[in-house]
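Report on one structure; see the data block that follows.
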Number of protein chains: 2
Amino acid sequence: MINGNQKWRANLGREMRRGFLSVLLLWILKKRGEPMYGYEIIQTIAKTTQGQWVPKAGTIYPILRRLESKGFVKSEWSSKSAGPSRRYYRITPEGREAERRILLEWKRHMSGFRDFLHDLLEVD
Amino acid sequence: MINGNQKWRANLGREMRRGFLSVLLLWILKKRGEPMYGYEIIQTIAKTTQGQWVPKAGTIYPILRRLESKGFVKSEWSSKSAGPSRRYYRITPEGREAERRILLEWKRHMSGFRDFLHDLLEVD
DNA sequence: GGGTGTATGTAGCCACACTACATATTTATA
DNA sequence: TATAAATATGTAGTGTGGCTACATACACCC
């Protein structure tokens with residue numbers, strides 16, 4: 001039972017990141033303003049959360065592919081720099097529009113649960 | 001393609017609510033302080049969001065069952081009131097603890113993305 | 001040659017929000 | 001007294017996406 005709870009907790013944490021992560025990637029690309037490659041995004045999240053959250057490669061790359069298949073990002077190979085070649089992703093106008101709409105929808109749905117959202121924001 | 005985007009957008013909205021909804025139910029039960037039944041929870045969410053979000057029965061009841069199977073809520077039938085009998089759910093100490101830990105984990109993972117979270121909070 | 005860091009990728013699993021439908025009871029209305 | 005509407009709960013099946021586990025390849029250092 002204790003084991004079960006821990007398993008569920010871990011899963012719930014995962015579930016809470018679902019959807020959020022895709023939108024967060026769009027948001028990160030939008031904010032950065034210039035193309036980023038997958039590994040760079042992983043490092044960015046790791047650094048931003050001070051190592052609290054280090055997404056796995058197997059999590060990030062599929063998301064980027066999905067975003068691209070929807071036309072929300074576009075990628076380009078680049079081997080200018082040293083090391084393995086990188087695939088740079090940049091957000092498209094459709095991606096910006098999608099991100100905006102998704103956040104709006106989420107806000108609409110969550111409007112009224114300000115206390116709950118505050119619990120999610122407040123520093124411990 | 002346009003159709004595809006709209007479909008995806010709808011799904012992403014759904015995905016963003018994933019996990020959140022389960023935790024939100026725990027939060028609602030915690031805040032209310034007394035047992036609530038499924039239909040009441042649906043109405044509460046509808047009212048709180050001013051009709052912007054009216055969860056379907058098929059969404060809420062399975063969640064409550066899952067929460068109960070994990071020991072986070074406990075239910076009791078009651079036919080005291082008029083109308084069809086109701087199943088009242090109340091949060092357990094394990095449920096409170098789980099909710100607390102999940103929110104903490106989420107905050108840890110999201111720490112550093114304050115700007116993003118602010119975008120999620122700000123009034124339009 | 002072996003180890004580490006950089007960089008990308010895929011097959012398969014699992015959980016959960018949602019659709020679509022079914023059922024039963026009570027109350028209001030014609 | 002039918003019958004429609006509101007109340008109340010439920011379940012089978014679908015789609016999706018985060019994640020695990022693994023594989024590949026290049027550059028550099030020892």
Side-chain angles (χ1 to χ4, degrees), chain A residues 4 7-26 35-46 53-70 72 75-89 102 105-106 109, chain B residues 4 7-25 36-46 53-70 72 75-89 102 105-106 109:
Chain A
K7 189 175 180 296
W8 187 83
R9 207 146 51 212
N11 288 339
L12 233 274
R14 167 199 288 199
E15 296 305 327
M16 285 189 78
R17 289 190 287 282
R18 276 191 67 156
F20 257 90
L21 193 41
S22 300
V23 182
L24 182 61
L25 290 201
L26 284 179
M36 297 175 78
Y37 55 101
Y39 198 76
E40 186 184 10
I41 292 173
I42 292 170
Q43 289 176 129
T44 297
I45 292 175
W53 185 19
V54 185
K56 298 296 185 305
T59 298
I60 297 302
Y61 292 112
I63 290 177
L64 289 169
R65 301 195 124 246
R66 270 179 247 137
L67 291 176
E68 182 154 36
S69 77
K70 301 302 177 187
F72 295 160
S75 71
E76 227 175 326
W77 282 101
S78 165
S79 49
K80 291 173 204 163
S81 59
S85 35
R86 300 164 174 172
R87 180 181 265 188
Y88 280 87
Y89 293 86
I102 292 163
E105 184 193 299
W106 199 80
H109 280 156
Chain B
K7 189 176 180 295
W8 187 81
R9 208 145 51 210
N11 287 338
L12 232 272
R14 166 198 288 199
E15 297 306 326
M16 284 189 79
R17 289 189 288 280
R18 272 189 69 155
F20 257 90
L21 192 42
S22 299
V23 181
L24 182 61
L25 290 201
M36 297 175 79
Y37 55 101
Y39 198 77
E40 186 184 11
I41 291 173
I42 292 171
Q43 289 176 128
T44 297
I45 292 175
W53 185 19
V54 186
K56 299 294 184 307
T59 298
I60 297 302
Y61 292 113
I63 291 177
L64 289 169
R65 300 193 125 244
R66 270 179 248 136
L67 291 176
E68 181 153 38
S69 77
K70 301 301 176 186
F72 294 159
S75 71
E76 227 175 328
W77 281 100
S78 166
S79 49
K80 291 173 204 164
S81 60
S85 35
R86 300 164 173 170
R87 180 181 265 188
Y88 280 88
Y89 294 86
I102 292 162
E105 184 192 299
W106 199 81
H109 279 155

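Letters go in sequence order (proteins before strands), and every chain restarts at 1.
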Residues in salt bridge (charged side-chain N to carboxylate O under 4.0 Å, His left out) contact with B/Glu40, at least two apart in sequence or another chain: B/Arg32

Residues in salt bridge (charged side-chain N to carboxylate O under 4.0 Å, His left out) contact with A/Arg18, at least two apart in sequence or another chain: A/Glu15, B/Glu15

Quick one: is [N] close enough that its OP1 or OP2 comes under 4.0 Å of any side-chain N or O from [X]?
| X | N | value |
| --- | --- | --- |
| B/Ser22 | C/dA17 | yes |
| A/Arg17 | D/dG17 | no |
| B/Arg65 | D/dT11 | yes |

Of the options [options], whose atoms approach the side-chain atoms of [X] most closely?
| X | options | result |
| --- | --- | --- |
| A/Thr59 | C/dC18, C/dA15, D/dT20 | D/dT20 |
| B/Arg18 | C/dA17, D/dT20, C/dG9 | C/dA17 |
| B/Ala57 | D/dG10, C/dT10, C/dG9 | D/dG10 |
| B/Arg87 | D/dG18, D/dT9, D/dG15 | D/dT9 |

Residues which pass side chain to side chain contact (heavy atoms under 4.5 Å, CB included) with B/Ala46, listed by chain and number, not counting sequence neighbours: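 With neighbours one apart ignored, the set is B/Val54.
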
B/Phe72 vs B/Leu64, side-chain contact (heavy atoms from CB on, under 4.5 Å): CA-CA, chis, key distance, verdict: CA-CA 9 Å; B/Phe72 294 159; B/Leu64 289 169; over 6 Å; no

Pairing of B/Arg17 and A/Glu105 as salt bridge, 4.0 angstrom limit: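 So B/Arg17 pairs with A/Glu105 through a salt bridge.
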
Near-ring test A/Trp77/A/Tyr37, centroid separation under 6.0 angstrom: no

Within 6.0 angstrom of B/Gln43 CD, more than 12 heavy atoms from elsewhere: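 Buried by this count: over 12 neighbours within 6.0 Å.
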
Rounded to the nearest angstrom, tell me the gap between atom [atom1] in [X] and atom [atom2] in [N].
| X | N | atom1 | atom2 | answer |
| --- | --- | --- | --- | --- |
| A/Ile60 | C/dT10 | CD1 | P | 15 Å |
| B/Leu21 | C/dA15 | CG | C1' | 14 Å |
| B/Met36 | D/dT9 | CE | C1' | 16 Å |
| A/Trp77 | C/dA7 | CH2 | P | 12 Å |
| B/Glu68 | C/dC16 | CD | P | 15 Å |
| A/Leu64 | D/dG17 | CG | P | 14 Å |
| A/Ile102 | D/dT16 | CD1 | P | 14 Å |
| A/Ile41 | C/dA7 | CD1 | C1' | 13 Å |

Bend angle of the helix from C/dG1-D/dC30 to C/dA30-D/dT1, end axes from five pairs each (to 10°): 10°

Closest heavy-atom pair and its distance - B/Pro62, B/Ala57: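 Closest pair (atom of B/Pro62, atom of B/Ala57, distance): CD-O, 3.9 Å.
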
Please enumerate all protein N or O atoms sitting under 3.5 Å from an N or O of nucleotides 1-6 of chain C, with distances to 0.1 Å.
{"unit_1": "C/dT6", "atom_1": "OP2", "unit_2": "A/Tyr39", "atom_2": "OH", "d": "3.3"}

Partner set under ring-ring contact (aromatic ring centres under 6.0 Å, His included) for B/Tyr89, not counting sequence neighbours: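 B/Tyr89 satisfies ring-ring contact (aromatic ring centres under 6.0 Å, His included) with no other residue.
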
Touch class at under 4.0 angstrom, heavy-atom based, for A/Pro55 against every strand present: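 The answer is nothing, as A/Pro55 stays clear of every strand by at least 4.0 Å.
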
5' precedence on DNA chain C between A/Ile42 and B/Ser85 (nearest-nucleotide basis):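 Closest to the 5' end, via its nearest nucleotide, is A/Ile42.
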
D/dC19 base / A/Arg14 side chain donor-acceptor hit below 3.5 Å: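 Side chain to base: no pair present.
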
Heavy-atom check, side chain of B/Lys70 versus side chain of B/Arg66, under 4.5 Å: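 B/Lys70 does not reach B/Arg66 side chain to side chain.
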
